[in-house]
Every structure is written in structure tokens, then in C-alpha cells.
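Step one of this worksheet: look at the structure below.
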Amino acid sequence: MTETTVDTAPLKRQKRNRVLLQLSCIAISLFMLIPIYLISLAALSTRESLNRFPLSLLPTSFSFETLAAFLGSTGVFGALGNSLIVGVGTLLLSAVIGVPAGYALARFAFPGKEPYQLFLLFTRALPIVVLSVPLARLFLTVDIYDTTYGVILLHTALALPTTILISASVFLGVPQDVEEAARVFGCSPLGAFMRVVMPMALPGIAAASIFTFVMSWNEVLGASILTLDHRTLPAQVLTSLADSPLAYRFAGGFALVIPSIIFIALMRRYLTNMWGSTIR
Amino acid sequence: MADISISNLVKTYPGGTERATDDVSLEIADGDFTVLLGPSGCGKTTLLRMLAGLELPDSGSISIGGRDVTYLPPNKRNISMVFQSYAVFPHRSVRYNIGFGLQMAKMPKSDIEKKVQWAAELLQLGPYLDRLPAQLSGGQRQRVAVARAIVVDADVLLMDEPLSNLDALLRLNFRSELKKIVQDLGTTTVYVTHDQSEALSLGDQVAVMRKGRIAQLGGPLDVYDAPSDRFVGGFIGSPPMNFIDAAVTADGDTLVVGDQKLMAPSLLRSFKASDIVLGVRAENVAVGTQRSSGDIAATVLVVEPMGSTVLLTVDVEGQTLKVQAPPTFRTAPHQTIWLSFSPNTMRFYDRETSMALEAK
Amino acid sequence: MTVQAPAAPTKATVRAPRRRVPAAVWLIGPSVIFMILLLGWPVVEGVLQAFQDENGFTLDFVTRMVQDPYFWPAVRNTLLLIVVMIPIQFAFAIGMALLLRANPRLHKVHFFVWAIPLALSDLAAGLVWLSIFNDRGYLNSVLAWLGLEGSSWLAYDNQTTMFICVLIAELWRATSLVLVIVVAGLQGIPKDYDEAAQVFGATFWQRLRHVTLPLLKPSLQVALILRTILAFQTFAVAQALTGQNFPLVVGETYRWYTGLQNPNVAAALALVILVVSMLTSIFYLRALREKNQGGTR
């Protein structure tokens, strides 16, 4: 009686859906990757081949000529250095100020905590442009206009709320028991923090720091407004857009894209944590 | 309502090497309450999820009410289910949750309302219909999950460890309530649990599972009284069945445990001069402080008063046993007591295969 | 979430007179001071800059801003971009997150690839797409290889294609932010809810409408606020692709500040963005709160 014939039609439908699923994913990935391939192609072609039309879609004339010309043009090399200085400076300053605040937010109850958190959320809605113009005037009066310090201060201000919120969530992930156990077994509060809490929180804090660095590396407008001669790389590229050849712009785009891929690769395990859940 | 027929179901999870279910076949009659019982990882939940259509088998077939559903998506199977986590939608009211299945089936609003009222009445959820799940206790959320499962007119009701998240007292109370509801409903039910007392108390039949296979299928009392192998005996019962290494003498009349002797039941005539395992439940061993004939001596190791009984851990010839004594029984560690076994409660197992011995 | 901890004596509180100051103050204090100086103060200063000259209160700068021929096109473009882009972006991001949840082969690789633009500036995105959309770029090259006539996608008189180019570049760059928030939100929803809905007869679309999207609402609202505010700040994409041909409000601020050397009008423009951002946030937060009263806590 039980010799039922198995109806495999739903299974086939499901398999077809799986194939469609894979294909959609591949299509989206191609949409994401092809532009990156093309900018790399443009930046790594000879100047002469860029002037041809139609452009070749395959790497037929590979050369560092365009990229070298970009790096060699005035200001670019210095801008690259400035970008690194500003990025690392922002990372350090926001960690020094933000991580303790995040720890306090995660561990202590204090008066004004609610308003403080609301304030942090509110500052995330502050457009960079609103800060940049008045800060330029302020920095002129205290003589740090057109320095990397000024840009570091601006970028830290922008990154600080996020750093605080992320590190708070990182510390919340370190169970309080562990810290209390360390205290019971004879650590001072600072010792417990340094020996037990910090090692456990470090990967999360590191990810938060890269996040800060990325933000600083990408910030264009504020850096352009606050500097003249000591530009960061994006600011340098932006301000020379109008009077530079296409090849220069492609090389500039390439130089901005590559670090991003590295950052994302470094942070891939933390993507949803950094940009996703804790960002609110 | 419908019968279920499962045949030769094989499922290996992607990336895994062990079969989650290994050639499982099972017939469930219309209106039966079947419990799948086993330790975690035995394949019972996988089997249930394949019945639900939440997992698909690699081979084999499932039919419900004579209709093949092996690869049918869950929403086309006309089933209903209570989840271990309850899976009560947190963003909607109790009323909406209970009526969810009916709404998906596009039943008219007034009919939905009537059925929701009926189910809420049955599960004492009347006052909570407009609340959100977050405003309910765990037990009440559980009731919502059950109400949601019984309002739909499903062929089969599936339950995945529905009581495991309740505290002990609530679990005991709700268990009998659940039994009555399902009895009145008469729906074919498959119930997964790792709790043997739940299995015994609820099931019309119990399928004890191990490593993806059904080790024994039978009525709750059969499974308890006559475990088909050592695994089943060891898994069912609290405390589990005792297993004692013993030998049958050459004439087949006597059972030897270490230096002590027991009368062998007639069954063992077929196993003259062989090493076997004696299985006996704690409550089937009579305990005395005086020796009578046929008794064997044991040394008390631990005494645990349980209220209605006293549980003793004793040593017999280097083997540890758990036995039950009446609450009035007084003894202390290191004392010698006497155990007597009644022949018709003794079970025998093969040393090698662990399978129950049957008269040849 | 926080546990009331006794005010642990930190290093700073060891000195006797300060023993009463709670540790939290020492930890929080610097961040508060820093943010007041570098976030609070500039906003106040910005308002003053926009409404004050040597003689006191004035509306001159606001008038000049509004009368500038680029102002209204910039406002129109910014709003148009947001209104068209945000719904497409959310539809894409939700679709992509659902694809990932279905656990395709190599889903980690796909997620990584889809997340790359997270770390891209809008300037970089603009330059990337410039290599494709410019007159002698890759798009026209492909068309030429196929024997088709190309087009001046970014030409001044081609406002529609220019808008579409900026839109595509921004979709390419900024959808990943929404995606990551939605993926994080989906990860927080136990699979059981979806399975329960399936068992009780819900089709894919019914599940999406009645279960997944409502449960995702908190994440979607966060993403919406964040994405809209960031969208108001879009400018370098347009700058890289079109120069001044596709004005956006922030781009105008930049032009007034650097090109026209007028920080006051630039400050006025910045305030426009601030006000609109704030209004949007308040609007979304209102909507969020009202819905939450009937929703989960």
C-alpha cells in the first residue's frame, strides 16, 4: 500500500530557484566588481591607450605610467602622507577620548546618561558641511588652519560619537563576571581592566579604529575647506579635478579605491557589527 | 486528519558526514499521538522538520493521508506546528497570532474571529487577546503557540519539544492539559521530545531514536518494560535500567553474578553457558536487611531519600546498581543488604550486540 | 543593560579631595568637552556667520543664496536624488539581504564584494563611474564594439542622463550601507518566525509582508534616517562626474566657500542642510515612536 510515487516536481522547482539565486548573486557581484575592474584598467593603462577610442576592455596595454604620473604630480605624494597622518591621528585621538567614554557607558549608571546617549545620536545627524565652514574661521584664529591638526580635530569630532557607541557595545559584550572574577582574585580595577577586559575587547576596538580610519580617509569636503597646501588625498584630488586630464582622475580614483578594498577585507568579520547593529 | 507514512527516509546535512536520519520508516495511524524520543542529535527533530517540509530528505518518501508530500513546501502541506521557541510573532497581538494560519488561508474575518475565540477560550487566553507577546509570561506565550496550532484545520499537528522552555511545575501541569486538548481534537500528532517522562505520559506510541535510526517503536509501557536494547533501557526511566554482567551456567538453570547465584528464567535455556547482560529496573528489585533464599548480597554506597521512595546506590560484585526501597527502609553506607529479583521483570541482553535476547 | 556598579576608585580618584567624583565623570568628561567645542560651538558660530555682518543681524547672505541661479536647481536636484534613490536603494538592499539569507554558494564572498563600497568615498565612486560614463569611456566603448552609437551621457544639455549617471553611481556606492544594516537586522530575527509562517501556509510574499518586514522595521528605520541624512550630503559624486553641471546643495556650499570666497553664504547653505536634516530626523523619529507604541518594546 505504501508504494507511493514521489513527486519530484517541487524539488525541481526548488533547484531551479537555487540556480536563479546563484545567478542573481553573481549578477550583483559583477555589478559591484566591474566598475572596480574598469577603473583599475584605466589607471593601469598607458596614456596613449587611454586616448584611443573605443577603449579596450581587456588589459592589453598594462603599464604603471599613468599611476606613476599621478603620484609624481605636485602635491599628490604629500597628500598621501597627510591622509595617513590625519587617519592615524584621528584614530588615536578618538580612541583616547572615545574608548573610556564607551567603557563608562557600558559599565556605569550615571546621571545624565540618557541625555548623553541622545546627544550622541543627535550628533550623527550633523552634516560635515555645517561644521567645516565655522571651524575654518575658528582654526584661522587659533592658527591651525591649513594643518593636519585641524583636519584631525574635525575628523575626530565626526568619528567620536560612533567610536563611543561602538566601544560601548564592545564592552557590553565582555561579561562583567570576568572583570569581577579578576577583582576577586586580587586585581586592582585598572589591572582588571588592562589584563582581562582590554584583551577581550581589543578585536572589537581595533575594528572600530579601522572604521574611524576609513571615515577619515574618505572625508572630502571638510578636508578641502580646512586646508590649502596641506591637503589630504581626497581633498587634493577634488580640488584639482577641474584642471586635470582624465588619466589623472582615473589614477586618483584608483588610488582611493584600493585602500577601501583592503579595509573591508580587514574588517569583513565585523561588517555587520560596525556598520550594522551598533551604528544606531 | 490523516495517517502518515514515512519510508526509507535518509537525510545528511550539507557538510556533514553522519546521516541525520538513516533509512527511517514509520507508519502513524490516523488520529494517533506519536512521540519521537531520543537524546540530542539523534535525528528526531530532523525527522519532524522533514515532515513539516522545513528540511528535504536526500531519499525516501513521506506521505500524509495518502498524498505524497516528500518535497512539497511547508505551506502546501496543510500541517500545523508548535515550535520549541514558540515562534509567536512579537510584533502582533495574541489575536493576530492565533488567527495567523486562518488569515493566510484567506478565511473570512468573522469565521477567523469565531475560531480564535474558541481557541482562546480553550487555552484560557481570553483576557489577553489584545496584548502583545512581550506582555505575556512564558507559559502564556506557549499557550498562544498551541492555540495558533489548533485553530487551523490541519491534517497533522507537529510539536517540537513544546514544553522544554517551561519551568518544571508548569511543564507538569501543561502536559496533562495538552494531552486532553489533543485527545479531544483527535488530530494525528507527532511530538518530539528528549524527556522520557513526557514521552511515556503523552504518547499512544513512542519511537525511541538513536543515531538517526528508530531503536524501538511501541506503546509507552512496552518501551518502558521491555526495552529492545540496552540503549533504550538506559535512556528511558529515571533512574535508568540497571545492567549487570552475568553468565548462564552450562545447564541453563542458574545465572551467575560474580560469586553469587540467581535462578535463571526459562528463557535462558536457549543460552546455556554464555555471557549475557541482565537488565532490571530499580523498582523491580526488592530490598531487605535479612537474607532469604535466592537473594544476592549488595553493599550500600549512597542513600538518597526521595520522599516516596529511598533510592540506593549499591555495589554488587564490583558492579554498581540503583535500587528503590520503600520510604521506611533504613540503611546506611557500607551496610550489607539483600536484593531479590523477580524472574518476570528481568530482561536479558546480548553482551556483544546489546540487543534483547529472545527465546529460540 | 547597565549594571549599577559601585563608583570604583580609578587612578584619578586616588587623591583624597577628589574621592567623591565618580569614575564615570572622568571617563565621560573629555568626550563631552571635546564635542561641545568641536560640534556644539561651530553650529552656533555657523548660525552667527549666516545671519550677522559687521553691523549686526542681516538677511543679506540668505538673500544672496536664494537669488543665486544655481540655488533652486541644487535644491531640486538634491531632493529629486533622494526621492528617487532611497526607495530603489531600500528595495535593492532588502532584496540582496534576502538573497544572502537564502544561503547561496559563496555567500560570504558575495557579501564581502557587496560591502566593498562601504569604505568608498563618494569622490572615489564618482571617479570610478567617470571612467565608464565619460564621452570616450567604457560604456561608449562597449556600445561602439557592439556597433551602436554612443551618447554624451554627462553633457550639460542632457540633464536626464546626467541625473541617471549620478543615481547609478550613488546606488552602486551607498546601497551597501543599507544592506549591512538590513543584514544585521535579519541576523537578529530568529529563523523560527519565518518557518512558523511557512508551516501555517504563508507564501513567500505573505511572509515578507506579514513577518519579515514588520520584524525588520527597527533596522529599516535606522537605515532610513542614516541614509537620508547622508544623501543630503552627496556632492563629490556629482562633482567628479559632471563638474558644476549637476548642482547639489552641498556642492554649492563648497563653491561659495572655495570658488567665490564667501564663507557667510556658505554658512547659510550649510544651515539649510542642517535644518532639512534635522527636520527629516525628527519626522522619522516621530514616525518611529508612533509605530513603536503599537509594536514591540
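The sequence lines fix the lettering, A, B, ..., with proteins before strands; numbering per chain opens at 1. As the structure is a prediction and not an experimental result, all values here were calculated from the model.
Of the atoms belonging to A:Ala265, heavy atoms from both backbone and side chain fall under 4.5 Å from chain C. Heavy-atom distances place no part of A:Phe171 under 4.5 Å from chain C, backbone and side chain included. In this structure, chain A has a heavy atom under 4.5 Å from the side chain of C:Gln187, while its backbone stays farther away. Looking at A:Ile128, the atoms closer than 4.5 Å to chain C (heavy atoms on both sides) sit in the backbone and in the side chain alike. For A:Ser188, no part sits under 4.5 Å from any heavy atom of chain C, backbone or side chain. Interface residue A:Thr239: backbone and side-chain heavy atoms are both found under 4.5 Å from chain C. Of the atoms belonging to C:Phe232, not a single heavy atom falls under 4.5 Å from chain A. No part of C:Ala223 comes within reach of chain A, as not one of its non-hydrogen atoms sits under 4.5 angstrom from that chain. Heavy atoms of A:Ile225 lying under 4.5 Å from chain C belong to its backbone as well as its side chain.
Among all heavy-atom pairs drawn from C:Leu130 and A:Phe250, the shortest one is C-CE2, 4.0 Å. A pairwise comparison of heavy atoms in C:Pro42 and A:Pro134 identifies O-CG, 3.1 Å as the closest pair. The heavy-atom pair separating C:Ala270 from A:Val130 by the smallest distance is O-CG2, 3.3 Å. Here the shortest heavy-atom pairing between C:Pro117 and A:Met32 reads CG-SD, 4.0 Å. Across all non-hydrogen atoms, the minimal contact from A:Ala101 to C:Ile28 is O-CD1, 3.7 Å. For the residue pair C:Trp114 and A:Cys25, the shortest heavy atom distance occurs at CZ2-O, 3.6 Å.
No side-chain heavy atom of C:Leu38 sits under 4.5 Å from any side-chain heavy atom of A:Leu154. Within the 4.5 Å cutoff, the side chain of C:Val32 has no heavy atoms near those of the A:Phe119 side chain. Residues A:Arg107 and C:Leu27 form no side-chain contact, since every pair of their non-hydrogen atoms from C-beta on lies 4.5 Å or further apart. Contact check for A:Ile28 versus C:Met96: side-chain heavy atoms found under the 4.5 Å cut-off. Taking 4.5 Å as the limit, some side-chain heavy atom of A:Ser224 sits within range of a side-chain heavy atom of C:Tyr254. Residues A:Ile36 and C:Val128 fail the side-chain proximity criterion, which asks for heavy atoms closer than 4.5 Å.
For the set C:Ile116, C:Val44, C:Val109, the entry with the most heavy-atom pairs within less than 4.5 Å of chain A is C:Ile116. Residue with the most contacts toward chain C among A:Ile262, A:Thr163, A:Val237, A:Leu135: A:Leu135 (heavy-atom pairs, distance under 4.5 Å). The greatest number of non-hydrogen atom pairs below 4.5 Å with chain C, out of A:Ala157, A:Ser29, A:Gly253, is found for A:Ser29. Heavy-atom pairs under 4.5 Å with chain A peak, among C:Val272, C:Asn134, C:Leu143, at C:Asn134. The choice from C:Ala115, C:Ser121, C:Ala125 that makes the most heavy-atom pairs within less than 4.5 Å of chain A is C:Ser121. Each of A:Val99, A:Leu131, A:Val220 has some count of heavy-atom pairs under 4.5 Å with chain C, and the biggest count is that of A:Leu131. For chain A, the option among C:Lys108, C:Arg173, C:His107, C:Glu45 with the highest count of heavy-atom pairs below 4.5 Å is C:Glu45. The most heavy-atom pairs under 4.5 Å with chain C, out of A:Val96, A:Ile26, A:Leu228, come from A:Ile26. Per-residue heavy-atom pair counts under 4.5 Å with chain A were compared for C:Leu120, C:Asn103, C:Leu179, and the maximum is reached by C:Leu120.
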(request) Start with the C-alpha distance between A:Val133 and C:Tyr257, add both sets of side-chain angles, then the distance that settles side chain to side chain contact (heavy atoms under 4.5 Å, CB included), and finish with yes or no. (result) CA-CA 8 Å; A:Val133 177; C:Tyr257 187 83; 4.1 Å; yes
(request) Tell me, with the steps shown, if A:Leu138 and C:Trp41 meet side chain to side chain contact (heavy atoms under 4.5 Å, CB included). (result) CA-CA 10 Å; A:Leu138 171 71; C:Trp41 187 83; 3.6 Å; yes
(request) Give the C-alpha distance, both sets of side-chain angles, the deciding distance and a yes or no for side chain to side chain contact (heavy atoms under 4.5 Å, CB included) between A:Val214 and C:Leu118. (result) CA-CA 9 Å; A:Val214 171; C:Leu118 269 181; over 6 Å; no
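Listed for the C:Trp172 side chain is a donor-acceptor partner under 3.5 Å among the backbone atoms of A:Phe31. Judged by distance alone, with hydrogens and angles left aside, the side-chain atoms of A:Gln22 form a donor-acceptor pair with the main-chain N or O of C:Arg105 at under 3.5 Å. The backbone N or O of C:Asp122 lies less than 3.5 Å from no partner atom in the side chain of A:Asn218, so there is not a single donor-acceptor pair.
Put simply, CZ on C:Phe34 and CG on A:Leu153 are 5.0 Å apart, with the number rounded to the nearest 0.5 Å. One distance of note links CG of A:Leu23 with CG of C:Leu99; it measures 11.0 Å at 0.5 Å rounding. To the nearest 0.5 Å, atoms CD1 (A:Ile97) and CE (C:Met35) are separated by 9.0 Å.
Among the candidates A:Leu233, A:Leu221, A:Leu238, the single residue satisfying the side-chain contact (heavy atoms from CB on, under 4.5 Å) test with C:Leu123 is A:Leu238.
For the residue pair A:Tyr116/C:Ser31, the side-chain donor-acceptor check at 3.5 Å is satisfied.
Not counting sequence neighbours, the partners of C:Phe133 by the ring-ring contact (aromatic ring centres under 6.0 Å, His included) test are C:Trp129. Scanning for side-chain contact (heavy atoms from CB on, under 4.5 Å) contacts around A:Leu38 gives A:Ile34, A:Leu41, A:Leu57, C:Ser131, C:Ile132, C:Tyr138, with sequence neighbours left out.
With a 6.0 Å radius and a threshold of 12 heavy atoms from other residues, nucleotides or ligands, A:Phe110 has its CZ atom above the threshold.
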